[in-house]
Structure formats: structure tokens, C-alpha cells
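Values reported hereafter were calculated over all heavy atoms of this structure, with side chains retained and with hydrogens, waters and symmetry mates removed. Since this is a predicted model, take the numbers as computed values, not measurements. So you know, we letter chains A, B, ... as the sequences are listed, proteins then strands, and number each from 1.
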Amino acid sequence: MFATASVGNERSWRTGLDAAQLEAVTAGPGPVLVIAGAGSGKTKTLAARVARLLEDGADPDRILLLTFSRRAAKEMLHRAGALTRVRTARVWGGTFHAIGNRLLREYGHALGLPASFTILDAGDASDLFGVIRTDLGLAERGRRFPRKETLVDIYSRVVNAQEPLAQVLKERFPWCEQEADGIRDTFAAYLERKAELSVLDYDDILLYWRALVTDSHLDARFDHVLVDEYQDTNVLQADVVAGLVPDGRGLFVVGDDAQAIYGFRAASSANMIGFPERFPSTALVRLERNYRSVQPVLDVANAVLADAKGIFDKELRAVRVEHHAARPTMGQLADESSEAQFVCDRVLDHRERGVALRDQAVLFRTGHHSARLEIELARRNVPFVKYGGLKVLETAHVKDLVAFLRLLENPSDELAWHRVLALLDGVGPASVRRVIEHLALPDAAALRRFVDGGAPVPKRSGADLDVLRATFAACLAPAGDGEPLGPAQEIEAIRITAAPLFEQRYPDAAVRLEDLHQLEGVAASSGSRAAFLADVTLDPPTLTSDLAGPPLLDDDYLILSTIHSAKGGEWDVVFLIHASDGNVPSDMSLSTQEGLEEERRLLYVAVTRARDELYVTYPLRYYHRPRQLDDAHTYGQVSRFLQPHRSLFEQHVEAQPDSLRRSEITGGPDRVRASVAALWS
DNA sequence: TGTAACTCCCCTCCG
DNA sequence: GGGAGTTACA
């Protein structure tokens, strides 16, 4: 359908490209490294490159486009499709994890991987570490063995950065160093248990994929590999890429070291900086003209980056000529409620003046920073979608549902049994263990036997047990015509039959069951149960149903997003809220210089999302004061990265409410007075 | 012995 | 607000 765009209006991939973009698009087969500043037409360039390759006769099934979100891949292929008559449907596009998953299902047998494996999300992985931690007797009283979440973090760091455990402990988890032996044991047990359960975690997908491209002797699967956001790849991902195209022929990567914001996931812009050395014949192209923002916005971005360390010199210059472009606004609000109201008011103002809601975005450092705003938006009936933050998969009831589905997929999945059986009133870890022993896992027929014969649970759990058996029975027994149920129908059956279990567990069961209802739609588009489970693990939909409700397709809605999830996005009007020191930079990142620098780049990413107007706001006062680790930072004061550059903003200072007593001002009255006084001195 | 109830503590970013 | 750890009860 997109191909029609070119009919009668001969649009080709060359249309509207500037010299540098054209150079990148037409550069030889590769290796090509494109260093693309913010707003320099990176997406357009990648899309045009794909279109050009297709027009030159490349086989779409042998083109791979790796991005950081499924959304980005979709958008790029959509745009490529509009630039050529060749169909883009068969081009491979997606995240490293999604593509890795797909390839491992197809070729994993070459590595001896089981045909069907399930994927552990971060929560499952930490549950497994919790079990191991207890089994090995490391959770005993009075002992300060790392928490299961910490174990996952350490493990993931070791794997993703490919650093020895001792080094990781020393540099990043010094308080765990004396437990190194125990940690080593848990890691060994973790590997064993994953193999027994036929599960892979997120890191395994990359590890096995790398093994697939480096150790096995499969012929090259792709002729062209294009990678977006290359500055945010880690060692493992860079190895995968290099393995896909060993001599770099066909490789095209795009990145911006000033936008490297995934250090916590072991990403390193060293991959990008070192690219020309790894691939000596690299053609280097720089995209430097900013087409996105007006100059006053770029002035702020440049100021933020000017103080950065270890970044190539960059000075963003606006191509757009807007003589009356306003300066960005810095809003100092009395408290979080005022901030939410301020943002709502301005959003609605802009809409009145013709800027659709979907051309506006509100960005923040962490998922819960939007809580106040979400309530205010819901109160005023302003529809919104939120990216980032809590994912549906991380909520208890959805994990329950997924556990049901995982058992239907793989009846030997012990972790899923744990979760499902724990729904029964009166059943705890001990009963679960008994049931699992009774079921004699692994056994493909275990679920059938459970439905037919029950299981040893305490007497008072009997009624609940019957509900559970009935639920599985409803999923196993095809309705009437013998056609097996699809994933959506299974969810429906679980939601309805197991409703009593959810109702006794969750006081707000009605809302949660409605969430499950919503998931039926997602499942319906996934095709198979296995595909749905992979989708929901690798590309979890964000949770929106609780307040404003999921916007209807084609509806106009405001975008709420963490800064991380906003990467690659752009909007006419951008609000950055909670821009206080301690939030941006986050107080958790202050201990190291590299952490601090990453926070600076994060702010840079946020600022450069704005086309026309930028608002940076922060509340003077938090009623629930964020914790303060030391005196090096305060809340209620604007980010240290912006403090010296206040003159680049219009100032909006809200009067303090009468109820605000001097002693209550976060950060101390003197500092606040000084920051206010700085406005007119 | 195992579960429920209670208390305390800590809270990032993502696939 | 939720998870981990501890105590009280069946």
C-alpha cells in the first residue's frame, strides 16, 4: 500500500537528501560508519539506504536492520517502503534480542539448543537466583549474601561486558567481594538449572547468537546488515555484528557518541569509536546539519554538551530559519502537583493553537516521575500513552497469566508451576515443592495428569485446586469442533475460569482482569502461543489501561516517555519534567565520573527531541522527599547541567504556596533563595 | 512443619 | 507499594 506513494509523483530514495546523507546512502557495500548528530536525518538516511539496496536488486530476505526497539524498526521499514516500489515486507528488522530469538529458533539446533525454549525475563531470572540462593544455603540468617536482584545484575554485567567476575565485583559491587565464592557457586548452578529447564535468559540470546555466527559453520545468512544506535551496543552485540559480516562487507552502522545512554547495560561507545580499527576499510560519513530543532533549543543542547568529557566536538547548527523562535522555558513550580497542572495547561494551550497531542511529549528520568501527571491527565480526560517504566509483564497478575500459558507450552516449567500454585489459598513454597515432586517433572504429560488426578495440597486449598484444574481443562479441551484454542482464547478461558483465584488474591481484581482482557487483543495478533510469549517477553507492551485507557487507533493522544525510551523520537513540543538535581543527574549515578557523564548525555538526548518548543520544569518541593544519599545534591534545584545556562531560558517562577514553611524547603532555604535571586541578579 | 501476618527497608534506565 | 525477613499461630 505504501508503494502507491510513488505513483505519479516519482519519489525515489534520493528525494530530499543532502550531500552528506546522499554520500552515506550511496557509499560502497561497506563497512560504512555514519556519525550522525541529533536531528541530522539518521532515520531518513537508514530508510533511504534500505530502499537503495532494494532497488539495486538486493534480496530483501537477506537484509537485516537492527534497532533498539521494535517501534524503530517498523518506522524505518515503513519509510523505506515509501521510497521504493520494491516490497520491504521480507526485510528482517527488529531488536538484537528479537532477531536473535528468531534466528535461534530456526538455526539453534546447530548449537544443540532445544527446538522450543522459553525466555526468562529479568523477573524470572531473579526468581531462579532466589531459589538457588536458598538451595545452596546462602540465604541464612545473619549473612549478608547479595539479594537475588543483585545477583542478576552482577551476572548480567559479567556476561554483557565480558569481564571476569573478580573485576566486576571489585569495580562495581565492592560490598559483595567477600562473597565471591558463593556468587561463583550460584552462577554455576544458574547455568545448570537453565539447561534443565530449557530456558534462555536475555543474555543467552546474545551469547548463543554470537556462538552461532562465530563457531558454527553456517553460511552467511545476510548480505547487508544495518545497525542503528551503534553507540549503544555492548561487546557482545558488536561481536554478533562482526560475526554476521566477518570482513565488514555489507555492514552499515549509524551512531552518535553524544547520545550513548546505555552504559548500565554494558553498552560502550568504544564500539563506535573503534569501528574504523576493527574494519580498516571503513568509509566514514558525518551528518552534521540539524534539520529538527530551532536554534534556541540547540543552544541549550550545545551548552549541555560543551562541558562534556570524552565526546568529539560537536556544535549543532539549525538548518531551519525561524527568526522569531522563542527561547525554551524553564519552569520552577511550587510542588509536584503544580508541575503536573502547569504541564497539563500548556499541553492543552498548544492543542488549542493547533499542535496535536501526539506532536507533544512529556519526558522524565524514571517511570514513576509521571505518576502525578498521569492522574492529572486522567482527571482532565486527556488521553495519553506511556513508553518505558513499568511493563505489563512486570505486574503480578500478568506474570500469573503468563505462567499459565507457559505451562500449556511447557508442562515441565517449574518456575511457572511455582507461580500458578501459589495462587491457591493455603499453598506456600512447601506445598509447591510437594506438588512438583508428585508431578515428577520433567514430564510432557504432567499437565494432563494434574488435571485428571489433582495434586497433594492442604485440605483447605481443595476448592481452589479444583478451580485450577478446571482452568487447565478448559484450555486443554478444544471447544466442540476439535480445533485447538488460539492464545487469545486461552487467555479468555483462564481469565474467566480462574477469576475466583485472582479475586481472592488481589483486592483490585476487576482492574487486573480487565488488563488480561486487553492482552487478548495482543495475543490475537501474535498467531501462536509461543510467538505471543516471545513477543510479550522481548517487546512488552506498556501498561496504559489503568488510567486513561488505551487510546483508540487514530485517536489523538499525548506521549509520555522515559528519556531512554524517547531515543530516536521527535516532537514539536517537548516537556522535560522533574529536571531537578538528583533526578537528572540521578543520585544513583553520582558515584562515578562516567555515570555522571552518561546523565549529561541523557539530558542532551531529552533536549534534542524538541522541534519548536522546549519546557524544562522542576518542583521546588517534594512532599515525599526522594532519599538523599549525601549532601552533594539537592532536590528542588534545577539540574546542575542546566544551572549555569539559565540565561538560555525564559524563566517561569511560580509563587510559593502560603503553606510552604521555610524549614520545609527541600535543599535548604538558603540555596533555594540563592537560586531564585540568581534570576534577577 | 508450613503458612499467614507483620515489620522494615528500599526504591533507575532496557531487552 | 512491594519484597524480604521475622514472628506467631495452625
Side-chain angles (χ1 to χ4, degrees), chain A residues 66-73 94-101 119-123 125-127 130 133-134 139-150 152-153 156 160 200-206 209 229 232-234 236-237 260-267 363-369 371 387-391 393-396 422 424-434 457-461 506-508 534-540 542 561-567 578 582-590 595 598-599 601-602 605-606 624-629:
Chain A
L66 290 164
T67 59
F68 256 69
S69 69
R70 207 169 284 206
R71 258 188 303 144
T95 62
F96 275 87
H97 290 90
I99 299 289
N101 171 54
I119 300 167
L120 295 185
D121 68 25
S126 75
D127 285 350
R133 192 171 175 273
T134 311
E140 284 154 18
R141 279 183 69 158
R143 189 155 178 195
R144 252 180 63 216
F145 198 73
R147 307 186 325 137
K148 56 185 180 169
E149 288 83 5
T150 311
V152 178
D153 287 349
S156 195
N160 277 294
L200 302 191
D201 61 25
Y202 286 135
D203 302 333
D204 287 330
I205 294 177
L206 298 178
W209 189 8
E229 310 280 7
D232 279 327
T233 55
N234 63 30
L236 220 40
Q237 290 165 318
I261 54 174
Y262 278 87
F264 70 93
R265 223 165 70 184
L363 310 184
F364 33 85
R365 175 67 176 86
T366 73
H368 64 258
H369 279 161
Y387 295 121
L390 192 67
K391 303 291 197 297
L393 198 76
E394 288 157 12
T395 60
L424 309 188
D425 194 22
V427 171
S431 305
V432 170
R433 197 162 304 144
R434 258 200 314 276
V457 296
K459 223 179 288 161
R460 67 195 190 89
S461 310
Y506 304 109
D508 56 344
D535 282 352
V536 95
T537 312
L538 295 174
D539 184 27
T542 50
S561 175
T562 59
I563 303 174
H564 282 91
S565 294
K567 195 169 71 160
H578 286 281
N583 287 329
V584 190
S586 160
D587 54 20
M588 321 241 348
S589 311
L590 293 179
E598 182 153 317
E599 296 288 316
R601 295 191 295 268
L602 206 46
V605 168
H624 300 288
R625 181 185 295 203
R627 81 212 155 81
Q628 303 196 12
L629 296 178

**Item:** Salt bridge present between R70(A) and D535(A) (N-O < 4.0 angstrom)
**Value:** yes
**Request:** Answer yes or no: does a side-chain N or O of T562(A) lie under 4.0 Å from OP1 or OP2 of dC14(B)?
**Result:** yes
**Prompt:** Is T537(A) near enough to dG15(B) that one of its side-chain N or O atoms lies under 4.0 angstrom from OP1 or OP2?
**Reply:** no
**Request:** State which of dG15(B), dT12(B), dG2(B) makes the closest approach to the side chain of S431(A).
**Result:** dG2(B)
**Request:** Report which part of the nucleic acid G426(A) touches: base, sugar-phosphate, or nothing (heavy-atom distance under 4.0 Å, all strands).
**Result:** sugar-phosphate
**Prompt:** With a 4.0 Å cut-off on heavy atoms, is E149(A) in touch with a base, just the backbone sugar-phosphate, or nothing at all?
**Reply:** sugar-phosphate
**Nearest listed nucleotide, side chain of K148(A), among dC13(B), dA4(C), dG15(B)** = dA4(C)
**Prompt:** Now, which nucleotide makes the Watson-Crick or G-U wobble pair with dG1(C), with each of the two distances under 3.5 Å?
**Reply:** dC10(B)
**Message:** It should be established whether R133(A) places a side-chain nitrogen or oxygen under 4.0 Å from OP1 or OP2 of nucleotide dG5(C).
**Reply:** yes
**Asked** Is the distance from OP1 or OP2 of dC14(B) to the nearest side-chain N or O of S69(A) less than 4.0 Å?
**Response** no
**Asked** Quick one: D425(A) CG to dT3(B) C1', roughly how many Å, whole number?
**Response** 10 Å
**Prompt:** Which part of the nucleic acid, if any, lies within contact of F96(A), taking any heavy atom under 4.0 Å across all strands shown: a base, the sugar-phosphate backbone alone, or nothing?
**Reply:** nothing
**Request:** Please determine, for the side chain of S586(A), which listed nucleotide (dA4(C), dT12(B), dC14(B)) has the closest atom?
**Result:** dT12(B)
**Request:** For the side chain of R365(A), starting at C-beta, report the closest nucleotide among dC13(B), dC14(B), dG15(B).
**Result:** dC13(B)
**Request:** With the side chain of H97(A) defined as its heavy atoms from C-beta on, choose the nearest nucleotide among dT12(B), dC14(B), dG15(B).
**Result:** dG15(B)
**Prompt:** From dG2(B), dA4(C), dG15(B), pick the nucleotide closest to the side chain of T95(A)?
**Reply:** dG15(B)
**Prompt:** Does the ring of F264(A) meet both stacking tests against the six-membered base ring of dC13(B): centre distance under 5.5 Å and plane angle under 30°?
**Reply:** yes
